Amino acid sequence: MAAVRSALLKHLRLTPPSIGGSPHHPPITPSLSLVIRRWFSEDLKGSFLDKSEVTDRIITVVKNFEKVDPSKVTPNAHFHNNLGLDSLDTVEVVMALEEEFGFEIPDNEADKINSISLAVEFIASHPQAK
């Protein structure tokens, strides 16, 4: 969720209005229409993947991991508790997810991903996921 918030705030960032302005730089007064246009810009519209598509792709990646019994993989499976993966295996799964979705997951976020459902939440809310 933090990634979505950060991307949205970065996209919506406005220059503060100057007091009085100058001959070269007139005062800036952001209008509501400018904010609305930025909010609904084509850059962000439709840039997030559908959760069901993300879930299916993550399940496929995890099922193809050699140390996983494919019959145990469910949308709510925990990497350690349900699938028997250790921390190094989890790192390998996260790396495979980075490759599948075409973006790098920061280490501090990757450390939090310990289940398929958490991976789905993070990836589906990330604007760079492809």
Side-chain angles (χ1 to χ4, degrees):
M1 197 61 173
V4 174
R5 181 180 179 272
S6 175
L8 193 56
L9 288 175
K10 183 178 179 182
H11 186 70
L12 291 175
R13 190 110 341 130
L14 299 173
T15 307
S18 61
I19 300 173
S22 72
H24 300 291
H25 301 287
I28 299 171
T29 54
S31 67
L32 181 59
S33 64
L34 173 66
V35 172
I36 289 172
R37 274 185 289 168
R38 283 184 167 209
W39 182 268
F40 292 105
S41 99
E42 292 300 315
D43 293 339
L44 285 180
K45 236 183 187 172
S47 64
F48 296 100
L49 297 176
D50 179 62
K51 273 191 178 182
S52 62
E53 176 192 347
V54 172
T55 302
D56 292 343
R57 289 171 63 186
I58 289 174
I59 287 175
T60 300
V61 167
V62 174
K63 280 184 175 181
N64 289 328
F65 191 68
E66 62 186 49
K67 296 181 181 179
V68 170
D69 176 358
S71 66
K72 294 182 178 181
V73 179
T74 66
N76 296 315
H78 187 276
F79 295 152
H80 177 71
N81 298 341
N82 303 115
L83 303 178
L85 300 177
D86 62 22
S87 59
L88 290 176
D89 296 332
T90 300
V91 169
E92 289 183 40
V93 168
V94 171
M95 289 171 60
L97 294 175
E98 290 175 329
E99 190 173 316
E100 172 69 21
F101 291 96
F103 74 100
E104 188 174 331
I105 299 172
D107 290 342
N108 63 331
E109 294 296 330
D111 293 342
K112 298 174 191 173
I113 298 174
N114 59 14
S115 67
I116 290 178
S117 60
L118 287 174
V120 169
E121 290 299 318
F122 181 79
I123 292 170
S125 67
H126 201 286
Q128 292 178 339
K130 300 174 188 165

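All values below come from the heavy atoms of this structure, side chains included, with hydrogens, waters and symmetry mates left out. All values reported here derive from a predicted model rather than from experimental measurement. Sequence positions, counted from 1, serve as the residue numbers for this chain.
- You'll find the side chain of His80 stays beyond 4.5 Å of the side chain of Thr90, heavy atoms only.
- Of all heavy-atom pairs spanning Thr74 and Ile59, the tightest one is C-CD1, 4.3 Å.
- Here the side chains of Val73 and Phe65 are not in contact, with every heavy-atom distance at 4.5 Å or above.
- A side-chain donor-acceptor contact under 3.5 Å links Asp69 and Ser71.
- Heavy atoms only, all atoms of each residue included: Leu118 and Lys112 are closest at CD1-O, 3.3 Å.
- Residues Asp89 and Phe79 are not in side-chain contact: their nearest non-hydrogen atoms beyond the backbone lie 4.5 Å or more apart.
- When side chains are defined from C-beta on, Asn114 counts as touching His78, because their heavy atoms get closer than 4.5 Å.
- You'll find the side chain of Ile105 reaches within 4.5 Å of the side chain of Glu98, heavy atoms only.
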query = Going through the checks in order, is the side-chain contact (heavy atoms from CB on, under 4.5 Å) test met by Asn82 and Lys72?
reply = CA-CA 7 Å; Asn82 303 115; Lys72 294 182 178 181; 5.9 Å; no
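- Annotation for Pro75 and Thr55: closest pair CB-CG2, 4.2 Å, computed over non-hydrogen atoms.
- Contact between Lys130 and Arg57 at its shortest, heavy atoms only, is O-NH2, 2.9 Å.
- Of all heavy-atom pairs spanning Ser125 and Phe48, the tightest one is O-CE2, 3.2 Å.
- When side chains are defined from C-beta on, Val62 counts as touching Val93, because their heavy atoms get closer than 4.5 Å.
- Of all the heavy atoms in Ala119 and Leu97, the pair that sits closest is CB-CD1, 4.0 Å.
- The local environment of CD in Glu53 is crowded, with over 12 non-hydrogen atoms from other residues, nucleotides or ligands closer than 6.0 Å.
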